[in-house]
Participant: 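Let me begin by handing over the structure; questions about it come next.
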Amino acid sequence: MQIEPILAFEDNYIWALRKGGQVALVDPGEASPVERLLKQTGDQLSAIIVTHHHGDHIGGIAELVARYPVPVYGPAREAQAVVTHPLAEGDHVTLLGVDFAVMEVPGHTLGHIVYYARDGLLFCGDTLFGAGCGRVFEGTLAQMHTALARIAALPATTQVYCAHEYTESCLRFAKTVEPNNAAIAARIESVKCQRAARQPSVPSTLAEELATNPFLRWQAPGVIAAATAHLGHPPANDTETFSAIRIWRDQL
Ligand code: ZN
Ligand code: FE
């Protein structure tokens, strides 16, 4: 299976899973760039999966299914007219022969789900970004922390396919949190090269995120120190560390 990004809007990635002339899409916020790919490749659309209800992730679906009547999988906990197959925690969906397990990760939105394949693929929507995480719009900071802790516990070799090209700005913040983290400095250089060559900075691996993403590093001494400085007292637990960093980021 090949996995290719389709750029939508300014900085959204619609992931296209391609195999044997079939294509499945993750979070098609826009129809026209998908139509272009289908025309170019001659591929046939076979399914759509959705992580959450925001327009930049579902906006293209109505137009696509009007032309290609394919199943649309999405979170059961978010009422979305375009979803034909609602999914909840522990459900499985097979895309182009690959089995994906569904994890509910409330935080960015209350119904947000991610799709995880055992051979090491994660489609995580707006929950985890390259060196960042989604804003906590609907859930609580504690829910978001729990969601990210579940993702952090997946195998470190997991390829992380997020839905936005936010890595550069996220890394600037990561460096602010941990100025002495060499892995962050190295990633800033490599992402700069990727972006200069107009290449996506994602997918990353979970190992990379664990080393550089301040929203997965609530146990790192540097992150705890930054949270302490920001709170004015040492955080009582991991959730408070994570929350302090997330609130700090929101204030910038
Ligand atoms: Zn979103
Ligand atoms: Fe988004």
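Just so you know, these numbers use all the heavy atoms, side chains as well, and skip hydrogens, waters and symmetry mates. On a predicted model such as this, the values are computed, not experimentally measured, just so you know. Read the numbers this way: they start at 1 and go in the same order the structure lists the ligands and their atoms.
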Participant: Look up atom OG1 in Thr127 and atom CG in Leu148, then write down how far apart they are to the nearest 0.5 Å.
Facilitator: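 The CG atom of Leu148 is 7.0 Å from OG1 of Thr127, to the nearest 0.5 Å.
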Participant: Going by side chain to side chain contact (heavy atoms under 4.5 Å, CB included), name the residues that satisfy it together with Glu30, two or more places apart in sequence or in a different chain.
Facilitator: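 Partners of Glu30 by the side chain to side chain contact (heavy atoms under 4.5 Å, CB included) criterion, ordered by chain and then number, come out as Ala8, Phe9, Ser32, Pro33.
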Participant: How many angstroms lie between CD1 in Ile224 and CG in Leu231, if you round to the nearest 0.5 Å?
Facilitator: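 It comes to 11.5 Å.
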Participant: Using 2.8 Å as the cut-off, note every protein N, O or S atom close to the Fe ion (ligand 2).
Facilitator: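 Only Asp56 OD2, His57 NE2, Asp126 OD2, His164 NE2 fall inside 2.8 Å of the Fe ion (ligand 2).
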Participant: Would the number of heavy atoms belonging to other residues, nucleotides or ligands and lying under 6.0 Å from CZ of Arg249 be above 12?
Facilitator: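 Atom CZ in Arg249 is packed in, count exceeds 12.
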Participant: Using a strict threshold of under 4.0 Å (side-chain N to carboxylate O), is an ion pair present between Glu4 and Arg18?
Facilitator: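 Judged by the 4.0 Å cut-off on N to carboxylate O distance, Arg18 and Glu4 do form a salt bridge.
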Participant: The criterion is side-chain hydrogen bond (donor to acceptor under 3.5 Å, both in side chains); which residues satisfy it with His53, sequence neighbours excluded?
Facilitator: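 By the side-chain hydrogen bond (donor to acceptor under 3.5 Å, both in side chains) rule, His53 matches Glu138.
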Participant: For the Zn ion (ligand 1), state how many protein N, O or S atoms fall inside a distance shorter than 2.8 Å.
Facilitator: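 If we list every protein N, O or S atom nearer than 2.8 Å to the Zn ion (ligand 1), we get 4.
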Participant: Please check if Ile48 and Leu87 belong to a single hydrophobic cluster, counting links between Ile, Leu, Val, Met, Phe, Trp and Tyr side chain heavy atoms closer than 4.5 Å.
Facilitator: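 No: no chain of side-chain contacts under 4.5 Å links Ile48 to Leu87.
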Participant: Do His54 and Phe137 have ring centroids that are under 6.0 Å from one another?
Facilitator: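 They qualify: ring centres under 6.0 Å apart.
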Participant: Between His108 and His57, is the gap from one ring center to the other below 6.0 Å?
Facilitator: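 Centroid distance His108-His57: not below 6.0 Å, so no.
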